[in-house]
Amino acid sequence: MRIAFMGTPDFSVPCLRALVEAGHAVVGVFCQPDKPVGRKQELKMPPVKEEALRHNLPVFQPKSLRNGEGVRLLQEISPDLVIVVAYGKILPPDVLAFPKYGCVNIHASLLPKYRGASPIHWAVINGDSETGVTSMQMDEGMDTGDILLTERCPIGINDTTEDLFDRLSAIGAKLLLKTIEQIEAGTAVRIPQDHTKATTVSLLTKELGTIDWTQSALTIHNKIRGLYSWPGAHTLLNGKLLKLHHSLLSDKSGNGTPGAVIPANGKLLVCCGDNRCIELTELQPEGKKRMTAAAFLNGAHLSAGTVLGENEVKS
RNA sequence: CGCGGAGUAGAGCAAUCCGGUAGCUCGUCGGGCUCAUAACCCGGAGGUUGUAGGUUCAAAUCCUAUCUCCGCAA
């Protein structure tokens, strides 16, 4: 079976690699165009492209698949099946209809929950104890196609989105091979989604990462790990940005002003809105490298009354 | 030439404006105290201040160049 692969970020790479290593005929790889990135605005190729080049696979980076462009490219490689994993583009109907076996998508949630752009982040932010991966037969809607296979995956209380990314992409690769096996064998079963239970999540914004210290310690902890490592959670310290990379729930109660810091024994505790504390374990002041809480406390010389999240500069 | 912060002991910072013995917190090593400890006390080691030039009696500090790291923006 001739397979075309569409994907862009790190998450997609294990799926592509699995296809190649399983001996499938990957006849073409689609990903987003190279984009300028970083301070120098240097062009960087997407991870999927790097992986494709490593295997000497033909790469296509069309700006759009619409207006017949997608079909034109598919005609060059005539795939029987298209695999889509976090490609980042909507596939137009003529592309969806082109391959004999249609287009199959790997989505990092248990559909119909968390349709859309950032399912892993939201599962963690919402404090879910479980998520998973779904393979589905794509239709014209946004993650609305019939479900083929699912695999569940527990979320630990300190798991970050990045942790889940790694685990789910590995699960996705496994699920993908299994799905293709069933399609080839003709044993694939399509289960329509229960659309009444569908939820859709949007793209993340940086503003989302601003911590509101009047929220509960658990809510804040979920936000910090859910937004790690991108776009990240942050607050203000003496008017300057302070990124929060990792945190732990503390069993200590903290009935001070929400955002008030309690430095103790090399640990950095912060009072939250529910009179509980969160322990910040790794952070990064504006313009500095990331550091452990102990290192931060060594040089920061925090006074007892310091409150995070306030925009005023204290002397 | 997008805007900005920063390179000082193993870590995080101070001293830089106004040149004059490089200091603090922690770690580390040794000793002491204690039923005991991540606690406390005493002591030690560890620096050609990112690099290269320049000014000066004297440069971490002033001037010039250069490398690296990071925040914002994209």
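Just so it is clear: chains get the letters A, B, ... in the order the sequence lines come, proteins before strands, and each one is counted from 1.
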Check whether any side-chain nitrogen or oxygen of A:Lys243 sits under 4.0 Å from OP1 or OP2 of B:rG71, and answer yes or no. yes
Pick base, sugar-phosphate or nothing for A:Lys206, based on heavy-atom distances below 4.0 Å to the nucleic acid. sugar-phosphate
For A:Asn56, side chain to side chain donor-acceptor pair (under 3.5 Å) partners two or more places apart: none
Taking atom P in both B:rA73 and B:rC63, what distance in whole Å separates the two? 31 Å
In whole Å, what is the span from the NE2 atom of A:His245 to the P atom of B:rC70? 11 Å
Without decimals, in angstroms, what is the distance between A:Leu242 CG and B:rC72 P? 12 Å
Pairwise P distance for B:rC42 and B:rA60, with rounding to whole Å: 31 Å
Is A:Lys252 atom NZ crowded by more than 12 heavy atoms from other residues, nucleotides or ligands, each under 6.0 Å away? no
Sugar-phosphate only, base, or nothing, as touched by A:Lys35 at under 4.0 Å among non-hydrogen atoms: nothing
What distance, rounded to whole Å, do you find between the two P atoms, one in B:rU21 and one in B:rU61? 14 Å
Identify whether the distance between the nearest side-chain nitrogen and carboxylate oxygen of A:Glu130 and A:Arg152 falls below 4.0 Å. yes
Would you indicate, yes or no, if B:rG71 has its OP1 or OP2 atom less than 4.0 angstrom from a side-chain nitrogen or oxygen of A:Gln284? yes
Parallel under 30°, tilted from 30 to 60°, perpendicular over 60°: which one fits the rings of A:Tyr228 and A:His246? tilted
Would you call A:Asp159-A:Arg167 a salt bridge at under 4.0 Å N-O? yes
Taking atom C1' in both B:rG46 and B:rC26, compute the distance separating them and give it to the nearest angstrom. 14 Å
Please give the distance between the C1' atoms of B:rG31 and B:rA14 as a whole number of Å. 30 Å
When you measure from the side-chain N and O atoms of A:Lys288 to the phosphate of B:rC13, is any distance below 4.0 Å, counting only OP1 and OP2? yes
When you compare B:rG10 with B:rG19, how far apart are their P atoms, in angstrom units rounded to a whole number? 30 Å
To the nearest angstrom, how far is A:Leu302 atom CG from B:rA14 atom C1'? 15 Å
Rounded to whole Å, the CD-C1' distance (A:Glu282 to B:rC70) equals 15 Å
To the nearest Å, give me how far apart CG (A:Leu297) and P (B:rA11) are. 18 Å
With rounding to whole Å, what would you report as the distance between B:rC29 and B:rA22 at their P atoms? 27 Å
Please determine whether a side-chain nitrogen of the Lys or Arg among A:Arg54 and A:Glu51 lies less than 4.0 Å from a carboxylate oxygen of the Asp or Glu. yes
B:rU49 and B:rA59: how far apart are their P atoms, nearest whole angstrom? 11 Å
Should the pair A:Lys49-A:Asp34 be classified as a salt bridge under the 4.0 Å nitrogen-to-oxygen rule? yes
Measure from CG on A:Leu283 to C1' on B:rA11 and round the result to the nearest Å. 14 Å
Could you tell me how far apart A:Trp230 (CH2) and B:rA74 (C1') are, to the nearest whole angstrom? 12 Å
Applying a strict under-4.5 Å side-chain criterion to I, L, V, M, F, W and Y, I'd like to know whether A:Leu176 and A:Tyr101 cluster together. yes
Whole angstrom is fine here: how far is it from CD in A:Glu207 over to C1' in B:rC72? 13 Å
Treat a base pair as Watson-Crick or G-U wobble with both distances under 3.5 Å, then lay out RNA chain B in dot-bracket form, 5' to 3', with | for cross-strand pairs. .((((((..((((......[..)))).(((((.......))))).....(((((..]....)))))))))))..
